[in-house]
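Take a look at the structure set out below.
Every value quoted in this text rests on a predicted model; they were computed, and no experiment measured them. Computed from heavy atoms alone, side chains included, the values below leave out hydrogens, waters and symmetry copies. Proteins get letters first, then strands, A, B, ... in listed order; numbering begins at 1 in each.
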Amino acid sequence: MLDKKYNAEEKENKWLNYWKENGIYNFKPDQREVFSIDTPPPTVNGKIHIGHIFSYSQTEMIARYKRLRGFNIFYPFGFDDNGLPSERLVEKEQGKKAHEIGREEFSKLCYETTDKYEEEFQELFSKMGVSTDWNIHYKTVSPSTIKISQRSFLDLINKGHCYHKESPALWCNECLTSIAQAELETKTIKTTFNYVNFKTVEDGEEFTIATTRPELLPAIVCVFVNPNDEKHNHLIGKTAHIPVIDVEVPIMADEKVAIDKGTGVVMCCTFGDQTDIEWWKKYNLPLKYIFTDNGRIIESVANYGGMKIKEARKQILEDLQAGGFVVKIEELEHEVQTHERCGKEVEYSVMKQWFIDTMNHKDDFIKIGNEIKWHPDHMHNRYNEWVENIMWDWCISRQRYFGVPFPVWYCKDCGEPIFATEEQLPVNPLTDKPVVDKCPKCSCTEFVPETDVMDTWATSSVTPLINMKYGEKNNYESILKPMSLRTNASEIIRTWDFYTIVKSFYHFGTRPWDNVMISGFVMANKGEKISKSKGNSKVEPMDAINQYSADVVRYWAGTGRLGTDIVFSDETLLRGKKLINKIWNVSKFIEMHLVDYEDKEFNNYEYIDKWILGKFQEMENGFLKYLDEYEVGLALNHLEKFFWNFCDNYIEIVKHRLYRPEEFGIEPRYSGQKTVYTILYKLLQDFSIFFPFITEEIYQELYKDNKSIHLTEIKPLEFNFSKEMESGDSIIDIISQVRGQKTINSVSLKTPVKDLKLSVNKDLKDAIESSIKDFSATLFIQNLEMNEVKNDYSIDNFELDFDLKD
RNA sequence: GGAUUCUUAGCUCAGUUGGUUAGAGCACCUGCCUUACAAGCAGGGGGUCACAGGUUCGAGUCCUGUAGAGUCCACCA
């Protein structure tokens, strides 16, 4: 028997253990078709927030749905524990920088710390009812992952898509590493726009340059004006004298200079921004790199050497002012590019780095993108936009410690890279040696290991490869190429989705998945994104689970449209709580009336039973259609609507028949039993996608025809009750009107109706006559008269039996 | 500046391919302790579907424009 009250905490723990002990979600290849899900390995940087719960739940629901449709679900969980996020977490916890701790010790701390958090993550996701097979979960720094990641790198090297080159790259002097374009975040900052006077060497003519970065004056290699700028084009070909720094540089022409921006005269440095790099390449300008890798001016710069960038900015500006070179200083708010991991402004650096070619195959990436179904469809645009606007090859070198090592050494003499062999993988060049004993190019016998590690995205972009055990024996390549579904939030389309496509294209020439499902964000308030810096997340996932139960939190996560942002709302949680409570109560009611029930073939359904069976069938078809489009929220909404109709209308009608077989007959009662038995079973299946716990509890108590409701299969009904469905709706409408009359008269709904006269059309008259006992019992009608009219229907007379009230 | 989504009841949101009087929950008001459920049931009030045009027999739904908001990207000398 179901308990009087549902104890969520107790039952949820019970079923978690049961699922685990019985391996309900374990993956084993068999004859069934595989549905595979490439779910994001969460970054192990300390906290799972409510946004994770939201998007992971939506993915999870798809896993459950596909399982119920007979697919063999391959749904491994992973943790993205390598790279900068983990390092920053450790640095924060230790209160020390990585280089202060030492490479080896620091790596150890990283492993320990990520292990600790992964346990917490796993517990939280388990508690949410994530139906993953924890036996096949992966980490992005385990030996097997490192092996696959290095194998991927070597394959790209062999195919010529990956190269080592000295080139300007984005540099973070907080994290002391190069970074990729995708890791940039634009931020608005306040600064000053400084108008500085320069002079031509030839005739001493003054002209003004506006700059936000006077500290770059020592790095100026030339000055540009637009050849069409009538005010300034006479300067072209002359020489500019840089004030304070006392250096002379040429004045050159380039049409990229905007005449109306600033003063129309631009200083070009190596490197202040992207345009500087372009000009540097285009005009073969000299390199005057003046920053150290930790954000200071290099010692060789007179007067300012050794200063931090911002100190130098202030000092140079003061010196310019003192020399009378500053015309004016304007307050300015503008956007700067910062590193998303630390929020610090990025600079540019020149060093040898490993790059993956992303610029030469844009068309192919677009083509692959077109082969994938994006849900919702418009997210495809974001992908295309990004690919079209890429300006850099993908720099995958990071001058850090905790990550996948490059399987590379360099010849000490000639610098020739020596790659590890397949047999050596996984390899750590710092402790391992190359198999060759001399450089194939210059025969030198000494090698220098690569100390850089790979960018975290370089590894997370191979999750499909990790899943299919790329290049290993007994791999899953045949069943996971491509995978069925990738899911993630919209913010990482440009990174995770894009890079995964890049890798898949280079390795196999094919798409990595058939479908991509993009979830929205959880907003703190309407129009306000949850951000760590603001600390505006209003709820901790664990608190929400403890307060409301995992099923209820899942309800919240399962509402709303795919790809649409959602606000965390107590109202929605309350609504879920009520729904779950209702499922419990109606199940209790149905259980009560099934004690003597035996399931057998039966076709002689009562009219109103046909109505609800037909309605269910219609609802479920729509429900399944939504889910096939990955619209979990719309599916839930649709199901919920039916469910309340089922409870408030159908159950209220059928209960009389279930209670009083002596009055209604054994067979009509059986018809009702069979109907509630059938519909509840299917409702539980449908709801189990969203509420895996409570539905399991009820299923195990009432049905138990399998080890778990989650291993059953949804088989749509195949009735043809369209006539009953239409007239049944009219009957419900009349019932509703009569109830309304009772309420208006302030009497209880069981107050008898002495006399009811209806005008109804032929179909409805037949329908009511076919269900006359149910109809009269539901409304407590003593005397009913029906007058047949052409169309429509109305209540002509309504009389209550007040004597019988109470 | 480019792309994209959104604007529906006081609040949070639904509204399949255009089809009669626009829906739900919360809040508010009224009635009902009815043998599953008062965390319930029955009912009620409340909307120029952002605004302006257009297509159509018919527009919340399609098209164009305007305003506002979110997100992504770019610019940032």
Side-chain angles (χ1 to χ4, degrees), chain A residues 2 4-6 181 184 186 188-189 191 193 209-213 216 220 223-224 256-258 261-269 272-276 279 332-337 376 378-386 388-391 489-491 493-494 520-521 523 526-529 559-561 563-572 574-593 622 625-626 629 631 633-634 636-638 640-641 644 647-648 651-652 655 659 735-751 780:
Chain A
L2 295 173
K4 186 158 171 47
K5 290 262 173 195
Y6 176 65
Q181 186 187 350
L184 296 175
T186 47
T188 307
I189 60 151
T191 184
F193 208 21
I209 290 179
T211 178
T212 56
R213 305 200 58 185
L216 283 169
I220 297 179
V223 166
F224 279 106
K256 215 185 164 198
V257 178
K261 207 181 248 180
T263 59
V265 189
V266 187
M267 59 192 217
C268 173
C269 320
D273 65 16
Q274 182 70 28
T275 316
D276 286 345
W279 281 331
L332 178 74
E333 248 187 28
H334 75 158
E335 308 263 300
V336 293
Q337 299 204 303
H378 68 258
M379 291 297 178
H380 189 182
N381 289 326
R382 290 221 179 162
Y383 171 79
N384 286 339
E385 268 264 296
W386 175 256
E388 281 158 12
N389 289 314
I390 291 171
M391 295 185 299
S490 56
E491 64 188 338
I493 291 174
R494 65 175 178 165
F521 286 115
M523 312 292 275
K526 212 173 183 181
E528 187 193 337
K529 208 173 151 180
T559 57
R561 283 185 47 193
T564 306
D565 296 340
I566 188 174
V567 175
F568 188 82
S569 140
D570 287 319
E571 279 173 19
T572 307
L574 184 65
R575 184 171 170 172
K577 198 172 165 183
K578 285 184 172 185
L579 172 60
I580 282 167
N581 190 43
K582 193 76 175 176
I583 292 173
W584 185 254
N585 284 321
V586 80
S587 299
K588 268 185 351 191
F589 173 81
I590 289 172
E591 181 187 36
M592 212 162 82
H593 294 284
K625 203 176 134 204
Y626 281 132
E629 289 160 9
E631 287 282 5
L634 299 184
L636 174 56
N637 194 286
H638 194 63
E640 188 180 351
K641 206 165 152 188
W644 287 100
C647 292
D648 295 341
I651 293 290
E652 288 304 319
K655 73 195 320 182
Y659 273 121
I735 289 174
S736 175
Q737 288 187 33
V738 173
R739 284 177 174 170
Q741 288 300 314
K742 291 187 183 182
T743 301
I744 288 167
N745 285 288
S746 300
V747 296
S748 137
L749 293 181
K750 56 175 198 176
T751 305
F780 298 88

Apply side-chain hydrogen bond (donor to acceptor under 3.5 Å, both in side chains) to A/Arg494 and list each qualifying residue two or more places apart in sequence or on a separate chain. none

Taking salt bridge (Lys or Arg N to Asp or Glu O under 4.0 Å) as the definition, give me every residue that meets it alongside A/Glu385, ordered by chain and number, with sequence neighbours left out. none

Suppose we screen for salt bridge (Lys or Arg N to Asp or Glu O under 4.0 Å). Which residues come up paired with A/Lys256, at least two apart in sequence or across chains? A/Glu278

I'd like to check the ring-ring contact (aromatic ring centres under 6.0 Å, His included) partners of A/His593; sequence neighbours left out, ordered by chain and number. A/Phe589, A/Tyr659

Pairing pattern in dot-bracket form [Watson-Crick, G-U; both distances under 3.5 Å; | = partner strand] for RNA chain B: (((((((..((((.....[...)))).(((((.......))))).....(((((..]....))))))))))))....

Sequence neighbours excluded, the answer for ring-ring contact (aromatic ring centres under 6.0 Å, His included) partners of A/Tyr383 is A/Trp374

For nucleotides 25-28 of chain B, which of its nitrogen or oxygen atoms have a protein nitrogen or oxygen under 3.5 Å away, and what is each distance?
from, atom 1, to, atom 2, distance (Å)
B/G25, N2, A/Glu571, OE1, 3.0
B/C26, OP1, A/Lys578, NZ, 2.5

Detail all sub-3.5 Å separations between protein N/O atoms and N/O atoms belonging to nucleotides 42-44 of chain B.
from, atom 1, to, atom 2, distance (Å)
B/A42, O2', A/Arg739, O, 3.3
B/A42, O2', A/Thr743, OG1, 2.5
B/G43, OP1, A/Ser736, O, 3.1
B/G43, OP1, A/Ser736, OG, 2.5

Residues passing the salt bridge (Lys or Arg N to Asp or Glu O under 4.0 Å) test with A/Lys742, sequence neighbours excluded, are none

With rounding to the closest Å, how many angstrom separate the C1' atoms on B/G15 and B/A3? 27 Å

Restricting to ring-ring contact (aromatic ring centres under 6.0 Å, His included), what partner residues turn up for A/Phe521, sequence neighbours left out? none

Taking B/C28 as the reference, what is the distance to B/U66 when you measure between their C1' atoms (whole Å, please)? 36 Å

B/A77 phosphate, OP1 or OP2: any side-chain N/O from A/Thr212 under 4.0 angstrom? yes

Contacts under 3.5 Å, N or O only, protein and nucleotides 63-65 of chain B:
none

Taking salt bridge (Lys or Arg N to Asp or Glu O under 4.0 Å) as the definition, give me every residue that meets it alongside A/Arg575, ordered by chain and number, with sequence neighbours left out. A/Glu640

